[in-house]
Protein chains: 2
Amino acid sequence: MGETGRRARPGPRRALSEREILDAAMRLLDGGGAEALSVRSVAAELGVAPNALYTYFASKPVLVRALVDDLLGQVGPGTLTPADDDWRGAVTRFALALRETLLAHPGAVPLLLGSGFDGPNALAGGEALLDLLVRAGLPQDTASRASYLIITYILGTVALDAAELPPGVPRPDDAARTAARRGRLAGIPADRFPRTAATADVVAGYNSTEQYLWGLTRLLDGILTGPPGRSTAS
Amino acid sequence: MGETGRRARPGPRRALSEREILDAAMRLLDGGGAEALSVRSVAAELGVAPNALYTYFASKPVLVRALVDDLLGQVGPGTLTPADDDWRGAVTRFALALRETLLAHPGAVPLLLGSGFDGPNALAGGEALLDLLVRAGLPQDTASRASYLIITYILGTVALDAAELPPGVPRPDDAARTAARRGRLAGIPADRFPRTAATADVVAGYNSTEQYLWGLTRLLDGILTGPPGRSTAS
DNA sequence: ACCTGAACACCGTTCAAGT
DNA sequence: ACCTGAACACCGTTCAAGT
């Protein structure tokens, strides 16, 4: 391992940074899932001794929390801001963006659920969503409850979705995903699970964007508690 | 649980079984969270060599899946069955029972989200919920989508809840939990998160049973997509 | 301030061997 | 069939030391 050389092409593996560490960690996560992420594997990825990372992160849990919140920060920041009166559309865009960001890194999802949703970027996202709901005209306390309900739905859906995605391979599109699930559903005994078998076509699509939007629409309808029929989502 | 030997008090640590292993694993999980559960710690708990467990479970992931599904099997089996016409009440009872069972073992929740919701008992629970919704009069496909929406809400809520519970100590009641959260919320900058600060009383209660039921009610209202006001839940 | 070597107490899993 | 001893390739973290 050389050092001091100016042209760092194949050059020295020095000059670490938080950014570089988080990027390497995410690379490992994407390649092999949560179990591929270790202090030692990150260090190896960066060509550095394992304990070098402790200069930047006090422990592995601290690193993981930073990684997770960093990912949340990648959700399109403008997704939730103005929303020309169409607040259901804005919530829908936000929900889609957050889901897309997380499912692009399925290995990070169990880490997110394990670390909690309380980093700076998580707080900022919650605030933005809440602000939107208030500006939409919901009473403040209702808006607060509703924002948690929405977050809870997004994360629950994404968690079940991500748990089924194998690490290291690109995420299949909805059609392929549904087809694969339908194949697996063919194996479940119809006499013991008749309703599940009878609706296998729907069950196969549980992880689809379409089911996601269906659920979100029901949820927003329920929040309004008013008569349906004026959905803007989708 | 002794067998052949009559006085197995300080006796031989033999005669293992799947049941005994799962119980020991859950004990460790309850005592120290997910990180306290290792093949070696379970073996030590049972006074047995680490590799002895491989007679019963092919690998740690297999053990974890069994553990998680076993826990799901503990949800009151009758919670969801007849429901004298009051299907919202039945769904509510089911949602409360599932949440209670999982939050009694918060360390198991990240394992559940990581393992997926596809064991035999998970399937049976999904079937029972779906069956209830069909019998309630929902069109079959709508019932199927709705059952997934409900599951997704329950698991998302429980995941965020469990992530905040420290292992090894009994779960605080809602009042204590809310008070502790409010204390922490006092520390967030009101200028950067004005809406969150303004609704801190609500935010403090995000993990309460009351908020849980509020969300569930909105959800069921949305599933009906009809006019509100005839909620049976709670 | 930042990195390394070496060591600590752990992991999950396999293999050959014993009963 | 069921368990053990020993070993393998890993973990996260600490400590003293180097620059």
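- Considering only side-chain N and O atoms, A:Tyr56 lies under 4.0 angstrom from the phosphate OP1 or OP2 of C:dC3.
- Atom CG in A:Leu16 sits about 20 Å away from atom P in D:dT19, given to the nearest Å.
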Worksheet entry | Candidate pair B:Leu213 and B:Leu96, rule side chain to side chain contact (heavy atoms under 4.5 Å, CB included), full reasoning | CA-CA 8 Å; B:Leu213 291 174; B:Leu96 285 171; 4.0 Å; yes

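- Inter-residue side-chain proximity for B:Leu29 and B:Leu111 is flagged as met; some heavy-atom pair is nearer than 4.5 Å.
- Among all heavy-atom pairs drawn from B:Thr196 and B:Val203, the shortest one is O-CG2, 4.1 Å.
- A close approach under 4.0 Å does occur between a side-chain nitrogen or oxygen of A:Ser38 and OP1 or OP2 of D:dG12.
- Counting only Watson-Crick and G-U wobble pairs whose two distances sit under 3.5 Å, DNA chain D takes part in these stems of three or more pairs: C:4-8 with D:12-16, C:12-16 with D:4-8.
- As rounded to whole Å, 11 Å separates atom P of D:dC2 from atom CD1 of B:Ile21.
- Enclosure of atom CZ in B:Arg192 is not indicated, since only 12 or fewer non-hydrogen atoms of other residues, nucleotides or ligands lie within 6.0 angstrom.
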N/O-N/O pairs, protein side and nucleotides 14-16 of chain C side, under 3.5 Å:
unit_1: C:dT14; atom_1: O4; unit_2: B:Asn51; atom_2: ND2; d: 3.2
unit_1: C:dC15; atom_1: N4; unit_2: B:Asn51; atom_2: ND2; d: 3.4

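- To the nearest angstrom, P of D:dT4 lies 10 Å from CG of B:Leu53.
- You'll find that the side chain of B:Val39 is closest to C:dT13, out of D:dC2, D:dG12, C:dT13.
- Side-chain atoms of A:Arg40 lie closest to D:dG12 of the nucleotides C:dG12, D:dT4, D:dG12.
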Practice prompt. Report the C-alpha separation of A:Leu67 and A:Leu37 in whole Å, then their side-chain angles, then the decisive distance to 0.1 Å, and conclude whether the side chain to side chain contact (heavy atoms under 4.5 Å, CB included) test is met.
Written response: CA-CA 11 Å; A:Leu67 186 64; A:Leu37 174 66; 4.1 Å; yes

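- Comparing B:Lys60 and A:Ala49 against DNA chain C, the residue whose closest nucleotide sits nearer the 5' end is A:Ala49.
- Note that CD of A:Glu20 and CD of A:Glu45 are 10.0 Å apart. Values are rounded to the nearest 0.5 Å.
- In summary, the aromatic rings of A:Tyr212 and A:Tyr153 are positioned with their centroids under 6.0 Å apart.
- For the residue pair A:Ser144 / B:Tyr206, a side-chain donor-acceptor distance below 3.5 Å is found, with atom types taken as modelled.
- What separates CG of B:Leu46 from C1' of D:dC2 is a distance of 14 Å, to the nearest Å.
- Atom CZ of B:Phe57 is separated from atom C1' of D:dC3 by 16 Å (rounded to the nearest Å).
- With rounding to whole Å, A:Glu35 atom CD is found 14 Å from D:dA9 atom C1'.
- Note that CD1 of A:Ile154 and CZ of A:Phe117 are 8.0 Å apart. Values are rounded to the nearest 0.5 Å.
- When distances run from any side-chain atom of A:Val48 to the nucleotides C:dC3, D:dC3, D:dT13, the shortest one goes to C:dC3.
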